[in-house]
Amino acid sequence: MEEVDVEPTTTPIPGFDSNQKHLGFVWGPGDILVYETIYKASGGSAGGCPFVHEVRKDEDIYSPILRKLFNESHHIFVGLQRIREDLPSKNKKPQFVSISKNYRSVIRACMEELQQVAVSTQDAALATQYGNQVSILLAVELIWNLCEVLFIDAAPAGSLVLHLLDWVRLHKADVDEKAREVLASESPAEHQAYWDVVISYVLQGRMDEARQVLVKQAALQPAARVMFKLLDNLLMKMPIFNPGETQTLTEFDVKWRHWREEVDHCLQDQSFASNRHLEDICKILVGDEDVLLEYKELLSTWYHFLVTRLLFSHPTVKPTELHYYAQSSMHMFLDTRSVPEPLDSILLAAFEFDIHQVIKDCSIALNNWWFVGHLTDLLDHCKLLQSHNLHFGSNLREFLLLEYASGLFTHHSLWQLAVDYFDHCPEFGRVYLELQIERVPLDTERKALKVIRICEQRQMTEQVRSICKIMAKKALRNNRLGSALSWSIRAKDAAFATLISERFLQDYCAKGTFSDLDLIDNLGPAMLLSDRLTFLGKYREFHRLYGEKRFSDAAKLLLSLMTAKIAPHSFWMTLLTDALPLLEQKEVIFSADQTHELMFCLEELTSGKSVPTPDRPMQVLGYTPPYPLSNVCFPFNLLIHCFIICSNLYSCLARG
Amino acid sequence: MDGINAKYVSKKISKTRWRPVSSSSLQQPDIFATGSWDNEDNSISIWSIGENGVSSMDDEFEGDPQLLCEYKHNGDVLDLQFLDQDRIVTASSTGAVTIFRHHHNSQTLSVSQLWERAHHYPCNNAPCTGVVCNSPEIVTVGEDGRIMLFRADQEGVLRTIEMADSSAIHAVTFLRTTEILTVNSIGQLKLWDFRQPGNEPSQILSLTGDRVPLHCVDRHPNQQHIVATGGQDGMLCIWDVRQGNMPISLMEAHTSEMWEVHFHPSNPGHLFSCSEDGSLLHWETSSNTDTPSLQGGRNTSIISRSAIAPAGGNQSLINAWLTGDSSKGHLETTHMLPSQMLSVNSLDVLGQCLVCGTDGEAIYVNRYVPI
């Protein structure tokens, strides 16, 4: 057995004492059902607890705000899958970066909304819950952004530090808030947070902003004007790599070294010795780690420390060297704490370019597959995950997407989104979809039609048939024969169509009239689905012809129903009875041949052991029998009687 | 796609309807109602795109729908219509028909009348699929094949047509004050006259042999004999109910179920349709304008079975929808939404404003529809 990565968490079941009773459980697609068994630990059985508990792994899916995340990212996901495979990778990279940014902006939008409701809600528990979700999303966005810089954008030396600076600035935006507060105060230079703001700006490499704030202090201390001027000059002159320009990395490096020597020089001159703050800033500029660590509070995180360190000590760091600085920064920064938190190890793994570790750690730390699923998919499109194969399932991307989509499918409403995810899992997606789609509860026909459309678009005929059958059965249960027949025609389910046609004929026999004429009269080619349905349609046609007084057509059709063996034997007696009023018409309707055929049919029927009696009233075609109905044998005798009369008549006519 | 505004609302939207504006004013609508479906708790919601209730907006948020109020709705909202300025009638998958009242001052909703199990089977509830209002009369149809007639001010049922259809009725519209038209799941249009007793339709129209389920129907606002229908195959059919059994024209429109079709209420040369395939189409007969607009519409193949001018010969009555499509180029179609994958379930258009709702849990509002 493989060892577990983390100890599994324990979920207490309310009102359940594990010392006393046993638990049984059943796996669901995204949850488990837990129930108390009747066995007792002490032997014997007792009345079990009547509750079944549903234990869910993922609560986020039920948050109305996070639903927007699922919906919007679905849109981006499908867009990503449509990027053409054959594009040269050079053209694809900007697209991937922009898609990554889209994902992040969706996360940010969600985060902002959650933040708003967290602040406005009165309920403390809810506020905490929203607050937790915000911090999770913050972490998710932080990780995603770093992955974007390192893996997707894959910034080269030079640009790398700039991108990392942007990353830090974006996630440590409280500086701006503090700066606004300081600058809005009566005398900013005397504000207690004044130096924090200046130094925070410097730590983030925002030299222009730092200089603007510094001016306030300079104005207050005319005596130290030269010193302020000197620092301002150093800050202004600090070279920043500009990837857009023609300048090479080596040229930049020379320039930067030159500037650093100048700063160093100022330090050795003790130019700022009279002002502790200015001296610290100068030391920061040369990347003095001890001074940097004195400002731990302002840096707040080891990765901020790392980026600041890189900015001032190694601005041309290569991606491959990152891991060394990352590790050392983390150790220097976190020395007092014992164990790094999950977020720290995830970020460290990213700096080490260990994508799989990032994904794995995220999977463990987060309770939802949304993040890892989408990130892995994007990284896979960037061709960064090819070497890795799982010893189960197909590959990492597909595995994670399937997990995510299965989770969506358990949701009463979000299941529709899952379909597109399954579509883009080439190996197992279809099987998953086939198994899940049949289990979508169908309350209305409209929903059934939507589900059927999903299946039809994917040529899932088996599922279409099964759903139609479910609907047909439902209609039948509700005594809606017409609907049931329509559904079984759609399902091309001959057996069920036969069953329903049978019901129609029974109803006809019982009531003497057809129901659902609008449907039966308009069956069209669908009539051919089953023999019984054909008979139903044709038999109804006979009634229509009879009603329209087109007797000879009616007679022809009636006869053909028997001679062509369309009518079931059990129904022949009814048909022969239907022939009676036609035989009694004043004009001759059945020709001699047709009468012979009728006779033949009768003979065939009576040669059987038992003669079925028509199980319907006789007034169907407006026929009133000349004999009292109490005679049990009436129909049979009458028939024989009539046919004899008729055949005699024809014989006479034939003889001349 | 200028002027289109999307808002994610965390519910799949089944219906969207503008609140009517008084016909005398040239005012644009600013309030609409939506209904949700397939959620654990469904609701009807009232939204505003106007300035009221929202002060000093950034340009960026201009027209972003703001939720005014919401009310729980039992079952999926399968149809929703404004009875008047402040009353809304909904059709529920539970078979219930509900009248909600929107209190403008307090911005709240309340139930003012409820007909539970208006549509039902012997034992179970039957979804009520469509509702149409002609205040105070309300007509509903359902999967149980019944047609029910209510009055907003009466508790009882005015009239029930049992077994009006052997299959599910999907939509209903008024032709005249006493005549309605229903479409069903086997491709038939049935005309009903409430003046006549009995449970038989006065006329049945269908596309012979096709049996393609129809999902929506709308009547031409000025010419009551002209109706548009859409169904499972996504085709748009224009019918003249005075003329026999065949549609006047059939147009390929969507690739999946057409869920709704609407003539523009005041400019019926324009028509809108939306579909399961995630598209929203704007149809325009250019015969109404002197200069045909050559917008970059997509190619529409037009299969016109017949193009008989309506009897009577009154030229002014000849409708562009009946004659215009017989030759190509008279009909322009434009996609109104950015490429989108999930079904557009409902749309409504009034003045220059269009609103639609999707299974992607988004509401789209366009305030500058080129009419």
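Here is the naming used below: chain letters follow the sequence lines, and residue numbers restart at 1 for every chain.
B:Asp144 has no carboxylate O lying under 4.0 Å from a charged side-chain N of A:Arg480, or vice versa, which leaves the two without a salt bridge. Taking a cutoff of 4.0 Å between a charged side-chain nitrogen and a carboxylate oxygen, A:Lys68 and B:Glu361 do not qualify as a salt bridge.
The candidate with the highest count of non-hydrogen atom pairs below 4.5 Å against chain B, out of A:Gly482, A:Ser413, A:Pro64, is A:Ser413. When each of B:Gly145, B:Ser343, B:Ala6 is checked for heavy-atom pairs under 4.5 Å with chain A, B:Gly145 comes out on top.
A:Arg453 is not listed as a side-chain neighbour of B:Asp277, based on a closest heavy-atom distance of 4.5 Å or more. Between B:Leu342 and A:His75, every side-chain heavy-atom pair lies at or beyond the 4.5 Å cut-off. Put simply, the side chain of B:Trp259 reaches to within 4.5 Å of the side chain of A:Lys450, judged on heavy atoms. Residues B:Asp165 and A:Leu519 fail the side-chain proximity criterion, which asks for heavy atoms closer than 4.5 Å. Residues B:Tyr121 and A:Arg477 have side chains not in contact (no heavy-atom distance under 4.5 Å, counting atoms from C-beta outward).
Residue A:Lys474 qualifies as enclosed at atom NZ: its count of foreign heavy atoms under 6.0 Å is above 12. At most 12 heavy atoms of other shown residues, nucleotides or ligands fall within 6.0 angstrom of atom CD in B:Glu116. Surrounding NZ of A:Lys447 are more than 12 heavy atoms belonging to other residues, nucleotides or ligands, all under 6.0 Å away. By the neighbour-count criterion of 12 heavy atoms within 6.0 Å, atom NZ of A:Lys101 is sparsely surrounded, having that number or fewer from other residues, nucleotides or ligands.
Atom CD of residue B:Glu143 and atom CE of residue A:Met471 lie 6.0 Å apart, to the nearest 0.5 angstrom. Separating the CH2 atom in A:Trp415 from the NZ atom in B:Lys12 is a distance of 5.0 Å, to the nearest 0.5 Å. Atom CZ in A:Arg490 sits 10.0 Å away from atom OG in B:Ser185 (nearest 0.5 Å). To the nearest 0.5 Å, atom CG of residue A:Asn479 and atom CG of residue B:Asn124 are 11.5 Å apart. Here B:Ser256 contributes atom OG and A:Leu449 contributes atom CG; the two are 11.5 Å apart, rounded to the nearest 0.5 Å.
Paired with B:Tyr8 under the rule side chain to side chain contact (heavy atoms under 4.5 Å, CB included), one option of A:Ile65, A:Leu69, A:Asn71 passes, and it is A:Asn71.
Panel note: side chain B:Arg211, backbone A:Gly524; no donor-acceptor pair is recorded below 3.5 Å. Formation of a donor-acceptor pair under 3.5 Å by the B:Ser167 side chain with backbone atoms of A:Ser483 is not found in this model. Between the side chain of A:Asn478 and the backbone N or O of B:Cys123 there is no donor-acceptor pair closer than 3.5 Å.
Neither the backbone nor the side chain of A:Trp487 comes within contact range of chain B, judged by heavy atoms closer than 4.5 Å. Proximity to chain B is absent for every atom of A:Ile520, based on heavy atoms less than 4.5 angstrom apart. Of the atoms belonging to A:Gln457, it is side-chain heavy atoms, and not backbone ones, that fall under 4.5 Å from chain B. With a 4.5 Å cut-off on non-hydrogen atoms, B:His120 does not touch chain A at all. Using a 4.5 Å cut-off between heavy atoms, B:Glu257 contacts chain A through both its backbone and its side chain. Interface residue B:Thr255: only backbone heavy atoms are found under 4.5 Å from chain A. Residue contact with chain B, scored on non-hydrogen atoms closer than 4.5 Å, involves the side chain of A:Ile489 exclusively. Heavy atoms of A:Ala475 lying under 4.5 Å from chain B are absent altogether.
The salt bridge (Lys or Arg N to Asp or Glu O under 4.0 Å) test applied to B:Glu40 returns no partner, not counting sequence neighbours.
Of all residues spanning residues 438-446 of chain A, those with a heavy atom less than 4.5 Å away from chain B's heavy atoms are A:Asp443, A:Thr444, A:Glu445, A:Arg446, arranged by number.
For the residue pair A:Asp518/B:Ser166, the side-chain donor-acceptor check at 3.5 Å is satisfied.
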